[in-house]
Amino acid sequence: MSSALNADLDDQNLVLLDQSADVDKTNATFYAKYPFPCRAQRLERPMDPDLERLMVCQDLGDWSHKRLPNKPAIWVAGCGTNQAVMTALSFPKGQIIGSDVSPRSVEIASLSAADLGLSNLTLRVESLNDASYREQFDYIICTGVIHHNANPAESLKALARALKPNGVLQLMVYNRYHRITSSCMQKALRVLSGDTVPGSERQQGLASILVKTAQGPGLIGDFLRAMRDARPEELADGLMQPIEHSYTIASLAQLAQSAGLELELPCLNQFDQMRGRFDWNLQVTDPEVKRYYTALPDLDRWYVTNLLLCERSPLLWFYLRPQNVATRSTEAQICESFLESRFTRVISRRSSYTLRADDKYHADRGSVEFPPPAERPFSAVVADADGQTTMRALLHRHGLPTSFPEVNISRLRLSSTAFPYLRAVAQSPSIASVSH
């Protein structure tokens, strides 16, 4: 067998790296050459400084808005070029630490923070594998990071140590069924080029040719054609990333457990939102199949969804929490408490900043209404939310289902960070009063 094939015999698409320090150095070099993601062309600042915090609480089924404190301590671990800046804008009353192994990414984030005059953001060049934080953060955001480490379990343990006992971790790792084509391309480029140096000029040149000349049907052809308008940084991250693990619901739950964490709820994110993948629950029509499906525990039900939807399942983007701090409410219990809660309409505005030709962010004139108008049939529910009528009554009034899992779509489309239309009022019951 050729040396190229011997070097590529791995299930998780790793490149002969088994030490965290080596991986950190490799990733730092790779992202110095290809800072990712590209700087956002537009950034937004909420006029309501507490809205994002309230909506994260509601994502978690906390209608009393106590899960995150008014001034949360937040760590954006592996912040890249934009994420810590966006988090500081969304949580203006919080204190945010953004860290990344890539000095170039931190430098770009620092330039953006200076343009925006952010005073609540501290940026650091550091690996989460070496971080010494202990029970310091109310909220940790780590998306698309630990799966690029040699030992994701150890990286996740570092995040768990940094989390306060009742803290929240927002985590995204690669969905194994999403990575079939990109993993195949990454391996093929290494063999074609005879070069295991991540993102080498030879690999970059071959990747550009393959994207431009992609023909024929199938997953690989579709994948390459979709990359034709990609920027060099996007092309590198998609086709040449050197270190990669991927997971299913089952293996992610096992990974979380090894770090003393548990999956709490799915996190509806901007990418699934754009694709119309709002939910980890199948909308099953056959009564017998639905009876079996809805009777499953959350993890088993989400795993069935992962298997049946395969490459069309949502991203593995979840809220996690420390184990054994309190009894976890099920998704069905959270939906029940949602139905018994009362809501008022969110009426706010956002200001924005545009990245202009001088490579600096400049404030746009005025502000815009936020959130934008809701789509039907949810717009009617938003219009009728008066702080007195329960959600169950509102949904019934407008002919929307009130049974799980259908009602979970309404919960997400009305009262989440992705769709922040409604805010629970003070008299709403706590989850504990519904589930215990």
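Computed from a predicted model, the values in this text were never measured in an experiment.
Shortest non-hydrogen contact noted between Leu282 and Tyr293 is N-OH, 2.7 Å. What you find for Asp358 and His362 is that their closest heavy atoms are OD2-NE2, 2.8 Å. Looking at every heavy atom in both residues, Leu235 comes nearest to Ala230 through N-CB, 4.3 Å. For the residue pair Ser410 and Leu400, the shortest heavy atom distance occurs at OG-CD1, 4.5 Å. For the pair Pro420 and Met55, the tightest heavy-atom approach, listed with the atom from each and the gap, is CB-CG, 3.7 Å.
Residue-environment remark: CZ (Arg161) exceeds the threshold of 12 foreign heavy atoms within 6.0 Å. More than 12 heavy atoms of other residues, nucleotides or ligands shown are found within 6.0 angstrom of CD on Gln323. A 6.0 Å sphere centred on CZ of Arg356 holds more than 12 heavy atoms belonging to other residues, nucleotides or ligands.
A donor atom on one side chain and an acceptor atom on the other are found under 3.5 Å apart for Ser112 and Arg39. Checked by atom type, the side-chain pair Gln83/Thr143 shows a donor-acceptor distance below 3.5 Å. For the residue pair Asp272 / Asn269, a side-chain donor-acceptor distance below 3.5 Å is found, with atom types taken as modelled. Defined by atom type and a distance below 3.5 Å, a donor-acceptor pair is missing between the side-chain atoms of Ser251 and Gln254. Side chains of Arg349 and Ser367: a donor-acceptor N/O pair is present below 3.5 angstrom, by distance only. A donor and an acceptor atom, one from each side chain of Asp384 and His398, are located under 3.5 Å apart. Counting only N and O atoms by type, the side chains of Asn281 and Glu331 include a donor and acceptor under 3.5 Å apart. No hydrogens or angles considered: nothing links the side chains of Asn306 and Thr248 as a donor-acceptor pair under 3.5 Å.
Classification of Asp364 and Arg42 as a salt-bridged pair holds, one side-chain N sitting under 4.0 Å from a carboxylate O. Contact check on Glu264 versus Arg328 returns no salt bridge, with no Lys/Arg side-chain nitrogen under 4.0 Å from an Asp/Glu carboxylate oxygen. Classification of Glu375 and Arg413 as a salt-bridged pair holds, one side-chain N sitting under 4.0 Å from a carboxylate O. Checked for salt-bridge contact, Lys33 and Glu201 meet the test: a charged N lies under 4.0 Å from a carboxylate O.
Legend: residues meeting ring-ring contact (aromatic ring centres under 6.0 Å, His included) with Phe318, ordered by chain and number and at least two apart, are Trp280, Trp302. Under the rule for a ring-ring contact (aromatic ring centres under 6.0 Å, His included), Tyr421 has no partner lying at least two apart in sequence or in another chain. For Phe419, the ring-ring contact (aromatic ring centres under 6.0 Å, His included) test picks out Phe278, with sequence neighbours left out. Checked against ring-ring contact (aromatic ring centres under 6.0 Å, His included), Tyr31 has no partners two or more places apart in sequence or in another chain. Met185 pairs by the side chain to side chain contact (heavy atoms under 4.5 Å, CB included) definition with Leu189, Leu210, Ile220, Phe223, Leu224, Leu239, not counting sequence neighbours.
Glu126 places none of its side-chain heavy atoms less than 4.5 Å from the side chain of Asp130. Tyr139 has its side chain out of reach of Leu163: every pair of non-hydrogen atoms, C-beta onward, lies at least 4.5 Å apart. Side-chain contact between Arg392 and Glu336 is present, with at least one heavy-atom pair separated by less than 4.5 Å. Side-chain contact check for Leu60 versus Ile334: every heavy-atom pair is 4.5 Å or farther apart. Leu118 places a side-chain heavy atom less than 4.5 Å from the side chain of Asn120. Counting only heavy atoms from C-beta outward, the side chains of Tyr177 and Leu307 approach each other to under 4.5 Å. For the pair Pro35/Glu233, a side-chain contact is recorded, criterion being any heavy-atom separation below 4.5 Å from C-beta on. Looking at heavy atoms from C-beta onward, His65 lies in side-chain contact with Gln58 at the 4.5 angstrom threshold.
Using a 30° and 60° split on the angle between ring planes, Phe30 and Tyr34 fall in the tilted class, from 30° to 60°.
Seen from the ring of Phe338, Arg411 does not count as a face-on cation partner, given the 6.0 Å and 45° thresholds.
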Next item on the list: For Ser403 and Glu406, run side-chain hydrogen bond (donor to acceptor under 3.5 Å, both in side chains): C-alpha distance rounded to whole Å, both residues' side-chain angles, the deciding distance at 0.1 Å, then the answer.
Entry: CA-CA 6 Å; Ser403 58; Glu406 289 85 357; 3.3 Å; yes
Notebook entry, point to check: Passes salt bridge (charged side-chain N to carboxylate O under 4.0 Å, His left out), Glu234 versus Arg231? Steps please.
Noted result: CA-CA 5 Å; Glu234 296 167 331; Arg231 297 183 180 185; 5.4 Å; no
Next item on the list: Test Asp386 against Thr344 for side-chain hydrogen bond (donor to acceptor under 3.5 Å, both in side chains), laying out the working first.
Entry: CA-CA 5 Å; Asp386 57 7; Thr344 57; over 6 Å; no
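For residues 132-141, the set of pairs meeting the salt bridge (charged side-chain N to carboxylate O under 4.0 Å, His left out) definition, not counting sequence neighbours, comprises Asp138-Lys164.
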